[in-house]
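Both ligands and their constituent atoms are indexed starting at 1 by order of listing. Since this is a predicted model, take the numbers as computed values, not measurements. For the numbers below, each heavy atom of this structure counts, side chains included, while hydrogens, waters and symmetry mates do not. Along the sequence shown, the residues carry numbers beginning at 1.
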Amino acid sequence: MRKSVGTIRSKKVIYLDHAATSPVRPEVLKAMQPYWSEKCGNPSALYKLGLEAKLAIDNARTAIANTLFCRPEELVFTAGGSESINLAILGTARAYRTSCSSPNIREARRGIKTKRGHIITSSIEHHAVLRSISALKKEGFDITQIGVNKEGVINIDELKKAIRPDTFLVSLMYANNEIGTIEPISVVGKIIQAENSKRSLATRHSPLVTILFHTDACQAAGFLELNVDKLHVDLLSLNGSKIYGPKQTGCLYVRKGIKLEPIIYGGGQENNLRSGTENVPGIVGFAKALELAQTSREKEGQRQTQLRDYFITKIQKIIPSLKLNGPLPNSTKHKSSAHRLPNNINISFANVDGEALVLYLDAYNIYASTGSACTSNSADPSHVLAAIGLEEKYIKGAVRFTLGESTTKADIDQVLQVLPRLVAKIRTMKTI
Ligand SMILES: *Cc1c(COP(=O)(O)O)cnc(C)c1O
């Protein structure tokens, strides 16, 4: 039940949940438009209408490859970020299992414990990663989850120690969707590269598998560089819905030479890795969205960083007993060593139920969320906030505001006006 509380209501919709999904840009809609109807051909068809659709996909692939500094044939279009992640994780695991299902005695002596192999991930990944990996655990793979510090940055030493001779996959996110922490992906990439060259030298007589490095870049594409060589990644997942593109669009970058088993079988589209008639308008829209996001990322990043820090500085002054979750903004007195996504604000209000606050804000047409949109269907407390060691009383009171291209200072001022009253109201109701 969503009723209005209080008398003042802003009419303007203030959407501050861009990390959950973003509106589709008009330019993206325009680019997609012809492919719904007049250019509706199946890309596999031989006639002109089919070739036209195929050409549209080829152009989209080339444009994305230019952004990622990879080859067009290294990209697989998927229906969104979750599918891209599932393909990366399940696909490598299944390819690995068939090629390396039984460690020989020598390998066993060197510490290879399982037949299936070992995967490393972190405790703050998106559920698409965590649950794909849990599924593999049931199939007999061994998993290590490394921890993070209180700003949400992965522990590099823990990662180095976790690497075993039978480790074949490391999956770590580029930027966190709940608290905005940007992870040191290229540093990890270099560590894995060094480990791989050590392996190829030391084990010539009984070669170990190389470690593949996958990153979930779904939250990063709007603000960060996506050069796969600079990041030293082998697999990278992207989606359209976080970058003003259509939902259920995305892709997986797969470095040349890496073998994957598909997770969807059928007509063999996308180089046999993702069967099914291609989502031509979706692919066209996704490519356009990525191009525009990357063109504007620096300018928008700076603008949103300013708004973010303005919000954080003000809110800390006007509302007592709150806590900023994730890295501190660099503009504050206490400089943080970690970096935060320009659009992410995650705040815990003590003695406030975050869900109640989200619903009260809704009555004012202000849209925020409790941490992750993907967990909000369940009553489970955020695994990310638990991983950064946040106390119980703050975990329940967390609300995430994620800014976007349409967010203005006036929007933030409006939120700053409404929020203190609502927090106070919820806190008084609690004590009655
Ligand atoms: C949204 C998101 C996903 C899932 O993407 P979908 O397109 O919704 O499937 C995965 N990882 C992160 C970090 C995300 O923010």
Side-chain angles (χ1 to χ4, degrees), residues 15-24 28 64 75-91 121-135 148 152-154 171-183 185 214-224 226 231 233 235-253 263-264 274 276 279 282-283 285-287 289-290 293 325-326 339-346 368-378 382-385 387-388 400-404:
Y15 182 75
L16 295 176
D17 204 12
H18 289 84
T21 192
S22 51
V24 175
V28 170
I64 297 171
L75 295 170
V76 182
F77 287 115
T78 62
S82 299
E83 189 189 305
S84 169
I85 291 166
N86 274 255
L87 177 59
I89 293 172
L90 302 176
T121 189
S122 86
S123 50
I124 60 159
E125 299 298 311
H126 188 274
H127 279 127
V129 169
L130 294 179
R131 290 182 181 152
S132 301
I133 290 180
S134 303
V148 296
V153 183
I154 51 147
S171 183
L172 296 170
M173 71 199 323
Y174 194 174
N176 183 268
N177 46 307
E178 289 191 43
I179 56 174
T181 310
I182 298 167
E183 302 295 343
I185 292 303
H214 168 249
T215 191
D216 168 4
C218 289
Q219 290 290 335
F223 300 105
L224 306 175
L226 297 175
L231 290 169
V233 294
L235 301 138
L236 180 140
S237 293
L238 288 173
N239 66 359
S241 73
K242 311 285 168 67
I243 51 168
Y244 310 92
K247 293 168 184 59
Q248 288 277 312
T249 64
C251 71
L252 176 66
Y253 156 74
I263 56 172
I264 293 172
R274 207 295 181 177
N279 175 4
I283 288 168
F286 169 54
L290 185 66
N325 301 316
H339 295 289
R340 181 176 200 118
L341 284 177
N343 72 336
N344 177 288
I345 298 157
N346 187 314
S369 75
T370 55
S372 148
C374 320
T375 50
S376 60
N377 287 337
S378 68
S382 154
H383 65 286
V384 175
L385 298 180
I388 60 171
R400 180 187 71 181
F401 302 90
T402 42
L403 320 182

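In summary, the atoms of ligand 1 found under 4.0 Å from a heavy atom of Ile85, numbered by their order in the structure, are 10 (C), 11 (N). Listed by number with element, the atoms of ligand 1 under 4.0 angstrom from any heavy atom of Gly80 are 7 (O). Those atoms of ligand 1 with a heavy atom of Asn177 less than 4.0 angstrom away are 13 (C), 15 (O). Below 4.0 Å from some heavy atom of Met173 lie the following atoms of ligand 1, by number and element: 13 (C).
Considering backbone and side-chain N/O of Lys242, one or more are found under 3.5 Å from N/O of ligand 1. Considering backbone and side-chain atoms together, Gly81 places an N or O closer than 3.5 Å to an N or O of ligand 1.
Using modelled atom types and a 3.5 Å distance limit, the side chains of His383 and Ser123 yield no donor-acceptor pair. Side chain to side chain, Ser132 and Asn86 meet the donor-acceptor criterion of an N or O pair below 3.5 Å.
Counting heavy atoms under 4.0 Å from ligand 1, residue Ser82 touches it through both backbone and side chain. Looking at Lys247 against ligand 1, nothing comes within 4.0 Å, counting heavy atoms. Heavy atoms of Asn176 found under 4.0 angstrom from ligand 1: none, in either backbone or side chain.
In this comparison of Asn239, Asp216, Thr249, Thr215, the heavy atom closest to atom 13 (C) of ligand 1 sits on Asp216.
Using a 4.5 Å heavy-atom threshold, the side chains of Thr402 and Ile345 count as separate.
With sequence neighbours excluded, the residues forming a side chain to side chain contact (heavy atoms under 4.5 Å, CB included) with Ser122 are Ile124, Glu125, Ile146, Ile154, Leu172, listed by chain and number. Partners of Glu83 by salt bridge (charged side-chain N to carboxylate O under 4.0 Å, His left out), not counting sequence neighbours, listed by chain and number: Arg274.
Listed for the Thr121 side chain is a donor-acceptor partner under 3.5 Å among the backbone atoms of Ser171. Ser22 places a side-chain N or O within donor-acceptor distance of the main-chain N or O of Ser241, the cut-off being under 3.5 Å.
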